[in-house]
Amino acid sequence: MLLGLFVSGLILMACETKVQEESVPAKPVEKVEVEPEAETVVVNADSVVMIVDAWRTKVESLEVTPLNLSTKDLRAKIKQKWSNIHFYAQDGKVVKIKTYPHAGISERTEEFYIKDGELALVVIEDQGAGEKGKSKNEIDKLYYFSNGNLVKESKSNNEGEFSVRKSDAEELMAEYSEYLEVYENTLK
């Protein structure tokens, strides 16, 4: 009997709800624009490497006198790490940036290769103050980028550090952007 009252109460509540829903006028349906999801772009790392390596070879063969900038007037992190920055430009566009350490502290250099206005490659050499145009096998670390994303890291066999972390690639991108800004401010 108790169960019967319970079931009757549920049926009564359902009917009341149905009557209330029918008496409320329906709201007009709003049209909502939905942004299409970003397409996932698959990058062929081997193709990027091949294109960027050819670009690096072309840049290295240029007979361009770099703009030499002392870091003494730059922010502390840069001037503590680097003594000079060389900017290589062709037709008014920077194609390479090379950072040089303070004498007696380190011989590590970083080279940023720019293709079509975007970072394409970062070369890090622990003994990089020497000759230019080394082969890939002679270079400590190479970081290949496409559309602002790291697509491949290559290390020499004698390199002792661990693999690049995503934050390292982001740091290299931030350094590249900052160096370009320094260059543009120097030209003003």
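Since the model is a prediction, treat every value here as computed from it, not as a measurement.
- Atoms CG and OG1, from D126 and T109 in turn, are 8.5 Å apart once rounded to the nearest 0.5 Å.
- Looking at Y143 and V123, their side chains never come closer than 4.5 Å, going by heavy atoms from C-beta outward.
- A distance of 11.0 Å separates CG in L180 from CG in N185, rounded to the nearest 0.5 Å.
- The hydrophobic clustering, which links ILVMFWY residues whose side-chain heavy atoms are closer than 4.5 Å, places M50 and L150 apart.
- Taking CG of D116 as the reference point, atom NZ of K93 lies at 7.5 Å (rounded to 0.5 Å).
- A 4.5 Å side-chain heavy-atom check between L69 and V182 finds at least one atom pair inside the cut-off.
- A salt bridge (charged side-chain N to carboxylate O under 4.0 Å, His left out) check over residues 177-188, counting only residues at least two apart or in different chains, returns the pairs R75-E178.
- Looking only at distances, a side-chain donor or acceptor of W55 sits under 3.5 Å from a matching main-chain atom of I114.
- Residues E118 and F145 have side chains not in contact (no heavy-atom distance under 4.5 Å, counting atoms from C-beta outward).
- In this structure, CD1 in I78 is found 5.5 Å from CD1 in I85, a value given to the nearest 0.5 Å.
- Checking side-chain atoms of N68 against main-chain N and O of H86 turns up no donor-acceptor pair under 3.5 Å.
- Placement of I97 and L187 within a single hydrophobic cluster is found when ILVMFWY residues are connected by side-chain heavy-atom separations under 4.5 Å, directly or transitively.
- For residues 78-88, every residue pair satisfying the salt bridge (charged side-chain N to carboxylate O under 4.0 Å, His left out) rule, not counting sequence neighbours, is listed here: K81-E110, K81-E175.
- S106 places no side-chain N or O within 3.5 Å of a backbone atom of H102 that could act as its donor or acceptor partner.
- In this view, K77 and E171 satisfy the salt bridge (charged side-chain N to carboxylate O under 4.0 Å, His left out) rule, not counting sequence neighbours.
- Cation-pi geometry between K96 and Y88 is met: under 6.0 angstrom from the ring centre, within 45 degrees of the axis.
- Contact of the M173 side chain with the L119 side chain is registered, since non-hydrogen atoms from C-beta on lie closer than 4.5 Å.
- A donor-acceptor pair under 3.5 Å is formed between the side chain of S83 and the backbone N or O of P101.
- A search for ring-ring contact (aromatic ring centres under 6.0 Å, His included) contacts involving F87 returns Y183, not counting sequence neighbours.
- By the ring-ring contact (aromatic ring centres under 6.0 Å, His included) test, Y179 pairs with F112, sequence neighbours left out.
- Scanning all heavy atoms of the two residues, the minimum distance from A45 to V151 falls at CB-O, 3.8 Å.
- Contact of the L142 side chain with the K152 side chain is not registered, since no non-hydrogen atoms from C-beta on lie closer than 4.5 Å.
- Between L74 and T71 there is a side-chain heavy-atom pair separated by less than 4.5 Å.
- Under a hydrophobic clustering in which Ile, Leu, Val, Met, Phe, Trp and Tyr are joined whenever their side-chain heavy atoms come within less than 4.5 Å, directly or via other members, I51 and L62 fall into different clusters.
- Rounding to the nearest 0.5 Å places NZ of K155 at 11.5 Å from CD1 of I124.
- For N44, the side-chain contact (heavy atoms from CB on, under 4.5 Å) partners two or more places apart in sequence, or in a different chain, are D46, S47.
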